[in-house]
Amino acid sequence: MIKDEVTKRFPACGKIEKEYENSKWYSVCMQVIFTLVGIYFFWLMLNEATLVERLDNIAILFFCLWRIHRQRDTMCYIATNGMIVRRKCMSLRDYYNEQVHEERNLVYLPYKTIFLIADTWQEIELGKAEEGGIAVLPVRLQFLSKKNKQQIMDRIKEGQEKETKDTL
């Protein structure tokens, strides 16, 4: 998705300041893996005699090409009033749905609602530290670079400090 589409979908987020992708090392590594898998299934497809026998290999080949294309997707948008993150798929159906409609897994989180980001960067705790006040959102931020993770943490702290100053 481009920035304009994100701001249309989440008007409360304000202006998009920055976009974050998975680290380059992770993206390149996954692209190489999907390329090798695609080459293997292409090679298997050449040995099949009929189109019907080739269909499963063709399907896997198209999936590999699609995943190579999607490796550079934005995982997190930092905006004026909050951040927009890509949530983790919870089922196989959810995963396939996300392949076609990538925007459905984006979630807007105002800075004031973010309580904690787990050390693994696979969960964000939302709410307040009181009984029943914390909700856990599984996200896919674990493959961001360390530099980008630090920038996100700094921006969250800055956004939360700004909101506490505005309420005082």
Side-chain angles (χ1 to χ4, degrees), residues 1-38 61-128 134-167:
M1 290 184 77
I2 58 175
K3 291 179 183 181
D4 294 336
E5 293 173 349
V6 172
T7 52
K8 281 183 184 177
R9 178 143 188 234
F10 303 104
C13 73
K15 183 182 175 201
I16 302 292
E17 298 172 356
K18 192 129 176 147
E19 299 177 30
Y20 292 102
E21 300 174 345
N22 288 328
S23 71
K24 289 181 183 179
W25 288 105
Y26 175 77
S27 294
V28 169
C29 181
M30 292 306 293
Q31 286 173 336
V32 167
I33 289 171
F34 281 114
T35 299
L36 293 174
V37 171
L61 182 60
F62 277 122
F63 177 76
C64 289
L65 291 172
W66 182 249
R67 289 309 305 158
I68 289 169
H69 169 70
R70 292 284 306 271
Q71 283 305 309
R72 301 302 293 189
D73 283 355
T74 302
M75 294 291 126
C76 177
Y77 297 89
I78 296 297
T80 308
N81 302 325
M83 62 188 282
I84 300 161
V85 296
R86 189 172 302 278
R87 70 176 175 84
K88 190 180 287 187
C89 299
M90 297 316 238
S91 66
L92 190 58
R93 182 179 190 184
D94 197 20
Y95 177 76
Y96 287 122
N97 191 23
E98 195 262 342
Q99 296 304 308
V100 179
H101 306 285
E102 65 180 277
E103 72 280 354
R104 290 187 183 172
N105 279 3
L106 293 176
V107 179
Y108 169 65
L109 306 172
Y111 293 125
K112 65 182 178 185
T113 62
I114 299 171
F115 180 70
L116 177 73
I117 296 180
D119 292 338
T120 60
W121 285 76
Q122 293 182 8
E123 295 177 342
I124 296 178
E125 295 181 6
L126 308 167
K128 297 183 180 185
I134 299 286
V136 176
L137 175 69
V139 293
R140 299 188 308 186
L141 301 176
Q142 69 267 28
F143 299 114
L144 297 175
S145 68
K146 290 181 182 184
K147 176 184 162 193
N148 289 346
K149 288 177 182 178
Q150 187 59 49
Q151 289 176 355
I152 291 170
M153 290 300 292
D154 293 342
R155 183 61 181 102
I156 290 171
K157 288 178 186 175
E158 180 183 313
Q160 289 175 340
E161 289 172 0
K162 180 184 173 200
E163 288 189 23
T164 54
K165 286 180 185 177
D166 290 346
T167 57

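Residues Glu5 and Lys8 are not paired through a salt bridge, judged by the lack of any N-O separation under 4.0 Å between the basic side chain and the carboxylate.
Considering only residues two or more places apart in sequence or on other chains, Glu98 meets the side-chain hydrogen bond (donor to acceptor under 3.5 Å, both in side chains) condition with Arg70, Arg86, Arg140. Residues forming a side-chain hydrogen bond (donor to acceptor under 3.5 Å, both in side chains) with Ser145 (at least two apart in sequence, or on another chain): Asn148. Gln150 is linked by a side-chain hydrogen bond (donor to acceptor under 3.5 Å, both in side chains) to Asp154, counting only residues two or more places apart in sequence or in another chain.
From Asn105, atom CG reaches atom CE of Met90 across 10.5 Å, with rounding to the nearest 0.5 Å. Taken from CD1 in Ile117 to CD1 in Ile156, the straight-line distance is 3.5 Å, to the nearest 0.5 Å. We find the CD1-CZ distance between Ile124 and Arg87 to be 13.0 Å, quoted to the nearest 0.5 Å. Atom CD in Glu19 sits 11.5 Å away from atom CE in Met75 (nearest 0.5 Å). Atom NZ of Lys147 is separated from atom OH of Tyr20 by 8.5 Å, given to the nearest 0.5 angstrom. Rounding to the nearest 0.5 Å places CD1 of Ile152 at 4.0 Å from SG of Cys76.
Arg155 places a side-chain heavy atom less than 4.5 Å from the side chain of Tyr111. The side-chain heavy atoms of Phe34 and Phe63, taken from C-beta on, include a pair separated by under 4.5 Å. With a 4.5 Å cut-off on side-chain heavy atoms, Ile84 and Thr74 do not count as touching. Counting heavy atoms from C-beta outward, Tyr26 and Gln71 have side chains that approach closer than 4.5 Å.
The number of heavy atoms from other shown groups lying within 6.0 Å of NZ (Lys88) is above 12. Dense packing is recorded around OH of Tyr95, with more than 12 heavy atoms of other residues, nucleotides or ligands lying under 6.0 Å away.
Closest approach of Val107 and Leu137 over heavy atoms only: CG1-CD2, 4.2 Å. Closest heavy-atom contact between Ile134 and Gly127: CD1-C, 4.2 Å. Contact detail for Leu144 and Lys149: the closest heavy-atom pair is O-CE, 3.3 Å. Looking at every heavy atom in both residues, Asn81 comes nearest to Ala12 through ND2-O, 3.0 Å. Minimum heavy-atom separation, Asp94 to Cys89: OD2-CA, 3.4 Å.
Thr113 contributes no side-chain N or O that, together with a main-chain N or O of Leu126, makes up a donor-acceptor pair within less than 3.5 Å. Of the possible polar contacts, none joining the Gln31 side chain to the Arg72 backbone as a donor-acceptor pair under 3.5 Å is found.
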Checklist entry - Can Thr120 and Gln142 be said to form a side chain to side chain contact (heavy atoms under 4.5 Å, CB included), step by step? => result CA-CA 6 Å; Thr120 60; Gln142 69 267 28; 5.7 Å; no
Checklist entry - How far apart are the C-alpha atoms of Met83 and Ile114, what are their side-chain angles, what is the distance that settles it, and do they pass the side chain to side chain contact (heavy atoms under 4.5 Å, CB included) test? => result CA-CA 10 Å; Met83 62 188 282; Ile114 299 171; 3.6 Å; yes
